[in-house]
Amino acid sequence: MSDAFCSDCKRHTEVVFDHSAGDTVCSECGLVLESHSIDETSEWRTFANESGDNDPVRVGGPTNPLLTDGGLSTVIAKPNGGSGEFLSSSLGRWQNRGSNPDRALILAFKTIATMSDRLGLVATIKDRANEIYKRVEDQKSSRGRNQDALLAACLYIACRQEDKPRTVKEICSVANGATKKEIGRAKEYIVKQLGLENGQSVEMGTIHAGDFMRRFCSNLGMNNQAVKAAQEAVQKSEEFDIRRSPISIAAAVIYIITQLSDDKKPLKDISIATGVAEGTIRNSYKDLYPHVSKIIPNWYAKEEDLKNLCSP
Amino acid sequence: MADQALEASQPVDLTKHPSGIVPTLQNIVSTVNLDCKLELKSIALQARNAEYNPKARLMFVIESLQRFAAVIMRIREPKTTALIFASGKMVCTGAKSEQQSKLAARKYARIIQKLGFPAKFKDFKIQNIVGSCDVKFPIRLEGLAYSHSAFSSYEPELFPGLIYRMKQPKIVLLIFVSGKIVLTGAKVRDETYTAFENIYPVLTEFRKNQQWYGSGSFSIGIGYTCPNPWIRNITNQYHCLYYFVFFHQL
């Protein structure tokens, strides 16, 4: 029951909506004001306990603004059982003929998603990597490049931009076949392309040993005390003139902290968890040893314990 | 070599090099057109100091395998290497000064002439000059990368040095923590010198000070920083305190 302006009665009258025919009818003179109205309520009923895998409230996945049409797709479905060859022969061909322009993009996004799943990265980083890849792809000059290395480098840059850097070795471990050198080159290339595109917008701070501390320590199963001590130690170590890669310093600090605790980890375990070679950890230990009393916090280890540390 | 020894012994011209340090040139790459088609096989067979391996594959930066179709020839004096191509173009590398590079290129052209080809000496051009020097103090690369982020690229995981791409003159500098600098990309010697003079004040700004009191740098107003290495190595804080007080009295 509602009011509408009826053109015959020339005034507002009571209007009846007839659901069976979809007509809006004036109750005084019987004039049909609107016919074939479209019902915009939901097609089917949804029950709270029934959602399971196919939640009928939504149709399709979330829209992806990076794809040209937002990720909409209409596909010819295969019927359940039987007549498989019929579909793959004619209908299937017709569907695949009209190729969507984003096929390479979708494949690349899938690869990035696989890599980020392997590393356990959050969706924010994955989306940022997708965005970076799209921006690079828009400039057509990246055709001949090694795709794996390019995607791995997009992920690496995304991690850095979100302040959760991953070492190149970690990215290497999930990228299929890209070497550290190739990823490094691809990363330089991407930074240059993004810089060309909109003038020096790529913001990436230098990596610090402290960024990786939490992750390396939890991979090794160190207790909270040790983790805190390691983080403090790495902060202090930045003041000293130690000419080593931050990852090597992190690994050496972990080695020292674990040697001081009851739960001594062998060099091999630290090497596997951090990706730093054992020889490098030993050399970094040699470099850190002169400053060890100033780096390790007092509450964690006393002077005598430090004396017990083996001299390199 | 003789002229280099002479340069080292002369005092540095502070009007031209206000920093007091002159970068030494390490490598000059030059090209010259011999202006005649060459037969690489016969050159390789006849010359004593040449190698030619047409089946050898060379990996370029763009990661595509290509044939390396040139003769590699070396001479002892000046100690240089030349790549000689069938088109008659030649690249001469390894010389330590511009005159030596030209002299070496002429020697190679002479060798080709002696082998029977009508070689000329057209369009000699120096393509790249590489220089290096030492500022003798450690540098805080991270601070430099942060403040000059538009020009610097510092990735300690990938390369231990900071890559500084100077715009004017267009030179690439590799800056290392130890204070050693490599300058490359110059076409004339003066570009190297100018680039170094431009970067020197920046480097002094990001000098890594030795830790006496545990944090940062202390500036002493009179502009004196202790250059004495043996003072720096004294860990006894008593001595350091004495020096600090001494400065205050000045």
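Atom CD of Gln225(A) sits in a sparse spot, with 12 or fewer heavy atoms from other residues, nucleotides or ligands closer than 6.0 Å. Within a 6.0 Å sphere centred on CG of Asp138(A), other residues, nucleotides and ligands contribute more than 12 heavy atoms. In the displayed structure, Arg165(B) atom CZ is contacted under 6.0 Å by at most 12 heavy atoms of other residues, nucleotides or ligands. By the 6.0 Å contact criterion, NZ on Lys170(B) is open, its count of non-hydrogen atoms from other residues, nucleotides or ligands being 12 or less. Counting non-hydrogen atoms of other residues, nucleotides and ligands closer than 6.0 Å to CZ of Arg243(A) gives a total above 12. No more than 12 heavy atoms of other residues, nucleotides or ligands lie within 6.0 Å of NZ in Lys180(B), so this atom counts as exposed by the packing criterion.
In this structure, chain B has a heavy atom under 4.5 Å from the side chain of Lys187(A), while its backbone stays farther away. Residue Thr167(A) touches chain B through both its backbone and its side chain, counting heavy-atom pairs closer than 4.5 Å. Interface residue Ser178(B): backbone and side-chain heavy atoms are both found under 4.5 Å from chain A. At a 4.5 Å heavy-atom cutoff, Tyr146(B) makes no contact with chain A through either its backbone or its side chain.
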Verdict with supporting geometry, Lys169(A) and Glu157(B), side chain to side chain contact (heavy atoms under 4.5 Å, CB included)
CA-CA 9 Å; Lys169(A) 284 198 176 140; Glu157(B) 271 187 284; 5.7 Å; no

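Closest non-hydrogen pair, Gly184(A) versus Leu158(B), comes out as CA-CD1, 3.8 Å. Taking every heavy atom of both residues into account, Pro246(A) and Pro156(B) meet most closely at CD-CB, 3.5 Å.
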